[in-house]
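Have a look at the structure below before the remarks.
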Amino acid sequence: MSETTPRLLRALAGETLDRPPIWLMRQAGRSLPEYRELRTRAADFITFCHNPEMAAEATLQPMRRFPLDAAIVFADILLIPGALGQKVWFEAGEGPRLGELPLVEAMAEQVEASTGRLSAIGETLSLVRAELEPDRALIGFAGGPWTVATYMIEGRSSNREVARAYAYAHPEELDALLAVLVDATARYLVMQAKSGAQALKIFESWAEGLAEDVFERIVIAPHLAIVEKVRAAGVTVPFIGFPRGAGALVENYARTVPVQGVALDTQASAELGQRLQAGGKTIQGALDNLLLREGGSALDARVDQLLAQWSGGPYIFNLGHGVMPDTPIAHIARVVERVTGKPAKAMAAE
Ligand code: 1CP
């Protein structure tokens, strides 16, 4: 790969670099005042996501502020249920709400049309790619089918007890729902790659608490199917899988799903990461988002520890979960500078 190839892509191709690339899950939105200002101009969050100019601006905001190595398109994992015909909205201060789960047969008929209904996200990617410097990568994403299904089944964010019980009580129905989501997600990711996404991430944010056989059935098998479908469509960009909370099962995941990168959560041990690197994977993670919010010398020490334990192999510096909304910007700037050696830009308003 040439020197101008974005660091993120070099790491995902298996290179060990002089310093790892860095980006932060949920780096756009929430913690940035310029995002909150932009957000007031859209009627609601879903409308915001479907407005390419606004979503591109939100994607680029953290890139202007911090010397991050990758941007992630501003969108949400819950756009797919909306595109399949389930009502989705966000209650201010509370989070997502979903209407009644449509019949799976009805949703299966919507799969082809669903990708067209998400075309605004492709436009966002094209707009961002045209503006972003060539040495900074652009990441597209979708939710893992199981995580998206938990919201579709429960109608909101929860401890997922109802959805996990459903996996036992209604295995055929769940498998049918996951199959529809696999299809819609693969098409959506192909569209994203064709629109400028240079890496694709699957956010399986709620992979915790699953028995091994269930994890294989509802997380591993759908991810494998998505990657195979995307590859069958001729898309070659690297994948990052994020089975958050999978614990020891992440090794099983890494062995079976042909992703290039495995994103690790906060609990991942140094040895686990090193074993995955030795097995041919690029690893990403795993700074505690709570420590990022707290800051101080404990944050510096943990950043140094992560760099020391994982920089000997292909590694992407990141969090173990998304930036929390009340995270001080100075803490983000400090971590990015510690990893890259480059300071954040001073913003006019501060
Ligand atoms: O009005 C607002 O500003 C809403 C806040 C918000 C934002 C900024 C939501 C609602 N989603 C997003 C953007 C978003 N979501 C991005 C792009 C921005 C970035 O990463 O920089 C991404 C990648 C997501 C992914 C996402 N959405 C996940 C997976 C990642 C994770 O954090 O685990 C999940 C679970 C969601 C669902 C979701 N979207 C929004 C909320 C409040 C939730 C529910 C979270 C929960 O159940 O706790």
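Indexing begins at 1, ligand by ligand and atom by atom, following the structure's order.
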Taken in chain and number order and not counting sequence neighbours, the residues that satisfy salt bridge (Lys or Arg N to Asp or Glu O under 4.0 Å) with Arg19 are Asp69
Lining ligand 1 at under 4.0 Å, by non-hydrogen atom distance, are residues Arg26, Gln27, Ala28, Arg30, Tyr35, Arg39, Phe45, Ile72, Val73, Phe74, Ala75, Asp76, Ile77, Phe90, Pro96, Phe141, Tyr151, Ser157, Phe203, Ser205, Trp206, His321
_I'd like to know whether CD of Glu100 has more than 12 heavy-atom contacts from other residues, nucleotides or ligands below 6.0 angstrom._
no
In short, salt bridge (charged side-chain N to carboxylate O under 4.0 Å, His left out) pairs touching residues 304-331 with sequence neighbours left out are Arg293-Asp326, Asp304-Arg338
Residues pairing under salt bridge (charged side-chain N to carboxylate O under 4.0 Å, His left out) where one sits in residues 143-166, two or more places apart or in two chains, turn out to be Arg160-Glu208
> Would you call the rings of Phe242 and Phe203 parallel, tilted or perpendicular, where under 30° means parallel and over 60° means perpendicular?
Replying inline: perpendicular
Using the six-membered ring wherever Trp is involved, compare the ring planes of Tyr253 and His223 and label them parallel, tilted or perpendicular (cut-offs 30° and 60°).
-> perpendicular
